[in-house]
There are 2 protein chains.
Amino acid sequence: MEQPVTIGRKEQIMEVAQKLFKEKGYSGTSMRDIAEDLGIKVSSIYNHVQSKEEILKNICISMADAFFSSIDEIKDLGVFPGEKLHLAIESHISVITSNLEAAPVFLHEWKYLTEPELSEFKALRGNYEKIFRDIIQDGIAKQSFQEVDDRFLTMMIFSSMNWIYDWYKADGKMSPRDIAETLSEFILNGINK
Amino acid sequence: MEQPVTIGRKEQIMEVAQKLFKEKGYSGTSMRDIAEDLGIKVSSIYNHVQSKEEILKNICISMADAFFSSIDEIKDLGVFPGEKLHLAIESHISVITSNLEAAPVFLHEWKYLTEPELSEFKALRGNYEKIFRDIIQDGIAKQSFQEVDDRFLTMMIFSSMNWIYDWYKADGKMSPRDIAETLSEFILNGINK
DNA sequence: CCTACCGATCGGTAGG
DNA sequence: CCTACCGATCGGTAGG
């Protein structure tokens with residue numbers, strides 16, 4: 001009601017930044033690039049964000065939140081480990097394919113965060129990865145899964161999931177669910193007893 | 001005999017650049033960073049390389065060469081598709097783990113190349129990926145492999161292989177060969193008839 | 001290999 | 001939201 005023109009400006013800045021950080025990287029994107037894309041002057045950006053790094057932090061943390069809120073619905077479910085891993089994979093891929101611009105920033109640009117955000121971010125990511133690893137370890141303990149190297153398997157699953165943004169096309173023949181099903185089936189087929 | 005002090009200087013520049021490009025990205029690394037690491041002034045670098053981008057180009061192209069010369073020994077072998085895929089995976093992982101600093105530059109920083117090198121690079125990478133895809137398609141045609149989506153499988157294999165630099169430790173419990181064997185076994189187990 | 005320097009651009013601020 | 005500006009740093013060159 002008060003400033004209809006600038007409502008959502010911060011969100012616009014975040015969206016443009018996601019696109020440019022993905023395309024040119026955090027270091028390769030200037031605040032002037034972001035301003036130009038929005039049709040405003042660079043100094044105006046600072047009415048909405050405090051610094052370039054704050055933009056990066058917002059993108060990384062909100063992606064982390066998206067991953068957590070998605071996995072939280074799954075991690076305490078009383079289902080078999082195979083089904084839980086299946087759901088976790090589907091959940092992760094859904095967040096990736098729903099955030100095709102923020103995902104690569106989350107995956108590659110977080111390293112430009114400085115302390116203390118850098119450590120916070122790493123801790124969040126570690127906690128998240130541990131959820132997957134716990135599912136795998138639980139599956140092995142319950143003899144649902146074969147005796148696999150859980151670190152190797154966790155890394156392989158994340159690698160497969162995290163590279164999807166690179167080749168996924170919204171208009172391709174595989175939907176996010178198709179991809180999740182195919183990957184999940186492939187993985188479970190490899191480890192189920 | 002003439003300038004013993006500067007012999008190998010270009011190679012030193014490339015090595016330092018690989019390390020810094022991996023750590024801070026191409027855009028985030030300045031020519032002054034590279035010079036400082038070598039204990040020389042930035043202007044001296046230009047006696048050995050023409051530009052910052054030439055350094056990037058050299059790293060990307062020499063990695064591409066390494067991948068090709070490694071796969072070339074395999075691609076025309078008269079072995080079963082499963083064995084050929086196994087050898088190709090081993091070959092690729094060996095190049096990655098032998099070039100832990102150049103590999104991430106090859107994988108992530110190539111996008112900062114400008115034309116015409118950018119198109120050259122993409123073409124090289126496409127040709128290389130096609131070798132893997134051909135092996136998979138051949139395996140399906142010869143009914144060694146199950147009817148899988150070869151694009152999906154190729155991407156999944158590359159994803160798994162290309163993220164290895166991120167978690168592989170030379171002093172870890174898995175050697176490059178262990179990793180290659182485990183991954184290859186997992187993949188083949190999933191597609192062999 | 002160095003000193004000295006170039007114009008361009010960087011993230012960010014003052015002040016309105 | 002803007003104009004005007006800051007000091008720092010960028011890739012790169014001239015000249016020795």
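To find a chain, count down the sequence lines: A is the first, B the second, and so on, and within it residues start at 1.
The nucleotide C/dG15 finds its pairing partner in D/dC2, both defining distances of the Watson-Crick or G-U wobble pair being shorter than 3.5 Å.
The residues B/D37 and B/K19 are annotated as salt-bridged, a charged nitrogen and a carboxylate oxygen being separated by less than 4.0 angstrom. Under the 4.0 Å criterion applied to side-chain N and carboxylate O atoms, B/K122 and B/E117 are not assigned as salt-bridge partners. Here B/E54 pairs with B/K10 in a salt bridge; the nearest charged N to carboxylate O distance falls below 4.0 Å.
Dense packing is recorded around CD of A/E115, with more than 12 heavy atoms of other residues, nucleotides or ligands lying under 6.0 Å away.
For B/D65 and B/S62, the side-chain atoms include no donor-acceptor pair closer than 3.5 Å.
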Look for any protein N or O under 3.5 Å of an N or O in nucleotides 13-16 of chain C and output each such pair with its distance, or none.
none

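Cation-pi contact between B/K52 and B/Y26: present, with separation from the ring centre below 6.0 Å and deviation from the ring axis of at most 45°.
How far OG of B/S44 is from CD1 of B/I34: 13.0 Å, rounded to the nearest 0.5 Å.
Taking atom CD1 on B/I40 and atom P on C/dC2, their separation rounds to 6 Å, with Å as the unit.
Ring geometry for B/F68 versus B/Y128: interplanar angle over 60°, hence perpendicular rather than tilted (30 to 60°).
Comparing D/dG11, C/dC2, C/dG12 against the side chain of A/S51 picks out C/dG12 as the nearest.
At a non-hydrogen distance threshold of 4.0 Å, A/T29, A/S30, A/M31, A/R32 from residues 23-33 of chain A come into contact with DNA chain C.
Taking side-chain N and O atoms only, B/K52 has a distance below 4.0 Å to OP1 or OP2 of D/dG11.
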